[in-house]
Amino acid sequence: VADSPDVILKNGLNNRYRVLEVSVRQRNGSDPEKHLTITASPSLEDTELCILRNGWESVPVVPGDIVHLEGECSSGTWVISAQSGYLVLYPDLLLSGTTISSSIRCMRRAVLSERFRDSELGSPQMLIGTILHDIFQQAVTNDLTQEKVQELANKIVYGQKYLKEMYLLNLKQAQIMQEIEEYLPSFFKWAEDFMHNPANQNKMQLKLSNGGKTEDVSSKIEVVDILDIEENIWSPRFGLKGKIDVTARVKIHCQSGVQSRVMPLELKSGKESNSIEHRSQVILYTLMSLEQRVDPEAGFLLYLKTGTMYPVAGARMDRRELMKLRNHVAFYLTHSTYKSDVGRQNSQLAALPPVIDDSQTCKYCSQMHNCFLYSRAVEQKMASVAFPPALVPVIDRETQHLKPSHLEYFSLWYLMLTLELQSGEHKKGYKNIWMTPSLEREKAGDCVGNVIRVGEVHEVSEGQYLHCFQRRNGAIPGTNLLVGDRVVVSGEEKGLLGLATGYVREVSATKVSCLLGRNLSNFPKNTVFRLDHDEGDVGTGVPFKNLSKLMKDCPVSERLRNLIIDFQKPLFIQHLSSVLPPEAKETVANILKGLNKPQKQAMKQVLLSKDYTLIVGMPGTGKTTTICALVRILSACGFSVLLTSFTHTAVDNVLLKLAKFKVGFLRLGRAQKVHPDIQKHTEEEICRSRSIKSVTDLEEVYNSQPVVATSCMGVNHPIFAQKQFDFCIVDEASQISQLVCLGPLFCSKRFVLVGDHQQLPPLVLNTEARDLGMSESLFKRLEQNQNAVVQLTVQYRMNSKIMSLSNMLVYEGKLECGSEKVSNATVNLPNLKKLKLDLGDASKTWLKEVLDPDTPVCFLNTEKAGCKPSDIGIISPYRHQLKTITDLMAKWKESRVEVNTVDKYQGRDKSIIIVSFVRNSTDENLGSLLKDWRRLNVAITRAKHKLVMVGCVPSLCCYPPLEKLLCHLQSQAMISFFSIIHKCNIL
DNA sequence: ACTCTGCATAGAGGA
């Protein structure tokens, strides 16, 4: 935490102070105080003092922390006390209203829920609650008459919107409608009691300040206008976020006259408890509202079952206690790991907030499993953590199905995931939206600011609004925003953060259009917006969820634990006859005809497997063809198949091939991410074209195809909670993080991983996590069970010379060419003769040599030439190099040549590949990129006919993989020297 | 000593 370079310090509305020193002052007799030496200057010079008293001294603040202060500051001294001021710890970590209110009862649960976000399954009551919210919100903004509300309820319950959830919970629409109808009379009662109406006689106690003095009297409350529903507020002042069910203009008639205020209404469909949790939520909304408007001082709790409305005052005392609670939760979330002061600087997992000793509460807790798991695997080893004695046997009993190896796996992966999460937050995070002006952020290309909305807003489908934005003056600046990227729309003005989120639909020189989740047409025409690229915190929830699931006490998880953690030997049956139905024999035989020997072997191995098979797909060995054939064979045998990969593109690559055969499949995942030719197989498209409107129909769609395809992250889909597949195939498996790869395996009896661990591994940002082994894919881990491995060694991409490099480097000669044709293929250069004439000049003989089709592999040594490596290239390990090359190519108006990183080229090929290795110095600072055998292997196995590598031989010999390659090239006389080159205008 | 894919979200109630 101490020296994060990207911390922005400043004063003002979103002031950010760094805490330099913390001291506790105990004056005799009086309460203790905490004195903080703080600074808002980046040089850390101008310091101020912050005094915490009346309970604020309990805030767990330490030197190095970033805080936001609210309240009075006089002559460089802030006082945060019972009466005034707030200290907000880590204010850029926005916590939701529900997280904080749930932490009142159990902070441990609140913290666990942030990590294991999706572990809570949901219940019928929750779904009914969501639907009731929707109906009420729409009704209150349009029409609250009986007829209209009934119509609306029908439209929503019998519409498409909640079908998935109903399917997941096994509920029928009629059941839901029955429950909903019981609520509707209360809607009208509420409207009669509180909507603007002279006959309205309601009276309630409401405490509001009025010109300095506080009145505590009965007031008549009238809702005069609904300003917004589901208003999203991000408050970097208080470190809070949340969505307000209903934002209303309310008239309060009291003795001293009429007041008008904009206030939050919180809807509840459950028991009319008026509980502290419910009230706290409202109080937090009153605080968040300060971000946008004057203090509402109070809000309302509206219980939909009875139509009763309770006023909730946002009293100073309650706000203060809730903010302290928020600081504690923020502390635990930020300090989830620590480095011990003694010994090596290894990160360790910290204790969670203590377990509460309340069996009544724990009995119903949705985080119980994770709570006990963490106690057993992590905390029981800590001397500092004491458990309530009665709980120890409970924890042991609930985790007794886990072996020590499982607990170790859990704590190691929990640590690695946490470290990686922290790295991700550092790099991404939303805080730039409020801490960095759009103009500055535009330079990095992650933002387009200063735009206004133009044209009409179109509701493309339910809850999807197409907006168009134009720069206020001039063209849209150069940006990295691409079609399909996620964006956050905010107002440039303070307080209008995160107004909507959505996707980029189109980017041109003059406008950006986005599909947003909210309609922004109610904002004044002249509102100035900014669009920020939303990198979000994707992929953090899924692995935590899968880790938790792997530790469950159920047969599926137990089997996976045995196979994956304990390396139980995968089993195979003896004879194909027992799996191959007689009627499928001919079809299977026909499919096999089109395959080579190792591919056939792979098919056989999969069919015989009882647990899993690993298919090593070396470069160009026809992985897609093999997977396609495998799916065809499996479905011919009557098996159901779940087909997944890390990326949507890879899933669609197989599907595009599969679509040519008579194999039906269902494609899940966001239609926008799916290949146009596959669109018609997506759930979205099928439901639209067949206008699916009932749970039964949806179920039919889900069960209609024996093959289901989606990305590994997409396995949160409700279908996977209900269906079991016979086989699961995971493509690109060597590039998928272990726990992400695990997701689809929970719903399948057997699995097949396809990959090549000699190519690039999963990306891990955090170096410590990487050192702990986080980049080990499941494919790599299981590869030690050699009996489950089949290798595809016959390749159809590279000619023999190019292939030989990789064979020498990593594959130990196992790769072979699929045919003579492949082996001898050379590049076709129709204009070569003409070009050669032009190159008559003797100084350009090197170029002749390089271009000669009979020289498939060539390494250009730039040592003597002294030319800048940046003059030539197509693939490079470095982004900067690519930028230089792209700029040069643009100058020559050449945009057809694809310039990209090695990493991005994985999985693809071209006829000619030029690799620019860039480095031209022999100093000690070696980059780590070129030390990776796998990256080099990827780089040299992309070319089919001609591979030209450019680099400085002595410089590159410092890297072991390149040294081995260059040695080989030298022995084969494949290295040339540049003559004098100033310009290169080939291609 | 620089390589980068994934994805909706806070809150829906229950004690």
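Lettering of chains follows the sequences in order, A, B, ..., and the numbering in each one begins at 1.
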Q: Look at Ser123(A) and dA12(B) and indicate whether a side-chain polar atom (N or O) is within less than 4.0 Å of OP1 or OP2.
A: no
Q: Give the rounded distance in Å between these two atoms: CD of Glu420(A) and P of dC4(B).
A: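 That distance rounds to 15 Å.
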Q: Establish, with yes or no, whether the OP1 or OP2 oxygen of dA8(B) is under 4.0 angstrom from a side-chain nitrogen or oxygen of Arg518(A).
A: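 So the side chain of Arg518(A) is outside the cut-off, no N or O lying under 4.0 Å from OP1 or OP2 of dA8(B).
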Q: Would you mind classifying the nucleic acid contact of Glu231(A) as base, sugar-phosphate or nothing, using non-hydrogen atoms under 4.0 angstrom?
A: nothing
Q: Would you mind classifying the nucleic acid contact of Gln735(A) as base, sugar-phosphate or nothing, using non-hydrogen atoms under 4.0 angstrom?
A: nothing
Q: Looking for any heavy atom pair under 4.0 Å, which part of the strands does Arg486(A) touch: base, sugar-phosphate only, or nothing?
A: base
Q: Would you say His880(A) places a side-chain N or O within less than 4.0 Å of OP1 or OP2 belonging to dT3(B)?
A: no
Q: Looking at Lys241(A), I'd like to know whether one of its side-chain N or O atoms comes within less than 4.0 Å of OP1 or OP2 on dA10(B).
A: yes
Q: In whole angstrom, give the distance that lies between atom NZ of Lys545(A) and atom P of dC7(B).
A: 14 Å
Q: Measure across Ala110(A) and Ser103(A) and return the closest heavy-atom pair with its distance rounded to 0.1 Å.
A: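 Taking every non-hydrogen atom into account, CB-CB, 3.6 Å.
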Q: Do Arg105(A) and Glu277(A) have side chains that approach each other closer than 4.5 Å (heavy atoms only, starting at C-beta)?
A: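 Yes, side chains in contact.
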Q: Which nucleotide in the set dG11(B), dT3(B), dG14(B) lies at the smallest distance from any side-chain heavy atom of Tyr364(A)?
A: dG14(B)
Q: Using a heavy-atom cut-off of 4.0 Å across all strands, would you classify Ser928(A) as base, sugar-phosphate, or nothing?
A: sugar-phosphate
Q: Roughly how many Å is it from CG in Asp534(A) to P in dC7(B), rounded to a whole number?
A: 13 Å
Q: Could you check, using the six-membered ring where one of them is a Trp, whether His369(A) and Phe116(A) have ring centers closer than 6.0 angstrom?
A: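 No, ring centres 6.0 Å or more apart.
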Q: At under 4.0 Å, does any side-chain N or O of Tyr878(A) touch on OP1 or OP2 of dT3(B)?
A: no
Q: With the side chain counted from C-beta on, respond yes when Met949(A) and Ile940(A) share a heavy-atom pair under 4.5 Å apart, and no when they do not.
A: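 Heavy-atom side-chain distance check passes, below 4.5 Å.
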Q: Any base atoms under 4.0 Å from Leu929(A), or only sugar-phosphate, or nothing? Heavy atoms, all strands.
A: base
Q: Consider the side chain of Arg879(A), meaning its heavy atoms from C-beta on, and name the nucleotide among dG6(B), dT3(B), dC2(B) that approaches it most closely.
A: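 The answer is dT3(B), which lies nearest to the side chain.
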Q: Identify whether any heavy atom of Ser96(A) sits under 4.0 Å from a base atom; if not, whether one sits that close to sugar-phosphate; answer base, sugar-phosphate or nothing.
A: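 Answer is sugar-phosphate: Ser96(A) comes under 4.0 Å of backbone atoms only.
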Q: If the P atom of dC2(B) is compared with that of dG6(B), how far apart are they to the nearest Å?
A: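 After rounding to an integer number of Å, I get 24 Å for this pair.
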Q: Nearest whole angstrom, please: distance from the P of dT5(B) to the NE2 of His533(A).
A: 9 Å
Q: On DNA chain B, does the nearest nucleotide to Gly242(A) precede the nearest nucleotide to Asp903(A) from the 5' side, or the other way round? Give the residue.
A: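 First, find each residue's nearest nucleotide; the 5'-ward one identifies Asp903(A).
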Q: Separation of Lys931(A) atom NZ from dC2(B) atom P, in whole Å?
A: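 Rounded to the whole Å, the gap is 11 Å.
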Q: Check the phosphate of dC4(B) against Thr901(A), side-chain N and O only, distance under 4.0 Å to OP1 or OP2. Yes or no?
A: yes
Q: From the list dC7(B), dC4(B), dG13(B), which nucleotide is the closest neighbour of the side chain of Lys268(A)?
A: dG13(B)
Q: Arg109(A) side chain: which of dC4(B), dG14(B), dC2(B) is closest?
A: dG14(B)
Q: Check whether any side-chain N or O of Tyr285(A) sits under 4.0 Å from OP1 or OP2 of dG11(B), and answer yes or no.
A: yes
Q: Between Lys904(A) and dT5(B), is there a side-chain N or O to OP1/OP2 distance below 4.0 Å?
A: yes
Q: Can you tell which of dA12(B), dA10(B), dG14(B) lies closest to the side chain of Lys271(A)?
A: dG14(B)
Q: Please determine whether ring-ring contact (aromatic ring centres under 6.0 Å, His included) holds for the pair His278(A) and Tyr303(A), giving the CA-CA distance in whole Å, both sets of side-chain angles, and the decisive distance to 0.1 Å.
A: CA-CA 10 Å; His278(A) 288 177; Tyr303(A) 287 96; 5.7 Å; yes
Q: Do the side-chain N or O atoms of Arg105(A) get closer than 4.0 angstrom to the phosphate oxygens (OP1, OP2) of dG14(B)?
A: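 Checking dG14(B) against Arg105(A), no side-chain N or O comes under 4.0 Å of OP1 or OP2.
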Q: Closest to the Lys243(A) side chain: dA10(B), dG13(B), dG6(B)?
A: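 Nearest listed nucleotide: dA10(B).
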Q: How is Gly502(A) classified with respect to the nucleic acid when contacts are heavy atoms under 4.0 Å: base, sugar-phosphate, or nothing?
A: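 No contact at all - Gly502(A) keeps every heavy atom at 4.0 Å or more from the nucleic acid.
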Q: Counting only side-chain heavy atoms from C-beta out, which of dC2(B), dA12(B), dA8(B) sits nearest to Asp245(A)?
A: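 Of the candidates, dA12(B) comes closest.
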Q: Rounded to the nearest Å, what distance is computed from the CG atom of residue Leu515(A) to the P atom of nucleotide dC7(B)?
A: 17 Å
Q: With a 4.5 Å cut-off on side-chain heavy atoms, are Asn519(A) and Glu459(A) touching?
A: no
Q: On a whole-Å scale, what distance lies between the C1' atoms belonging to dA8(B) and dA12(B)?
A: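 That atom pair is separated by 15 Å.
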Q: OP1 or OP2 of dG13(B) sitting under 4.0 Å from any side-chain N/O of Ser269(A)?
A: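 Answer is yes, contact under 4.0 Å.
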Q: Rounded to the nearest Å, what distance is computed from the CG atom of residue Asn716(A) to the P atom of nucleotide dT9(B)?
A: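 The answer, rounded to whole Å, is 11 Å.
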Q: Rounded to whole Å, please give me the gap between CE in Met774(A) and P in dT3(B).
A: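 These atoms are roughly 20 Å apart.
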Q: Between Cys365(A) and Asn232(A), name the one whose nearest nucleotide on DNA chain B is closer to the 5' end.
A: Asn232(A)
Q: At what distance, to the nearest 0.5 angstrom, does SG of Cys514(A) lie from CZ of Arg486(A)?
A: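 Taking SG in Cys514(A) and CZ in Arg486(A), the distance rounds to 11.5 Å.
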Q: For His880(A), does its backbone N or O pair with a side-chain atom of Thr884(A) as donor and acceptor, under 3.5 Å?
A: yes
Q: State whether Thr130(A) places a side-chain N or O below 4.0 Å from either non-bridging phosphate oxygen (OP1 or OP2) of dG11(B).
A: no
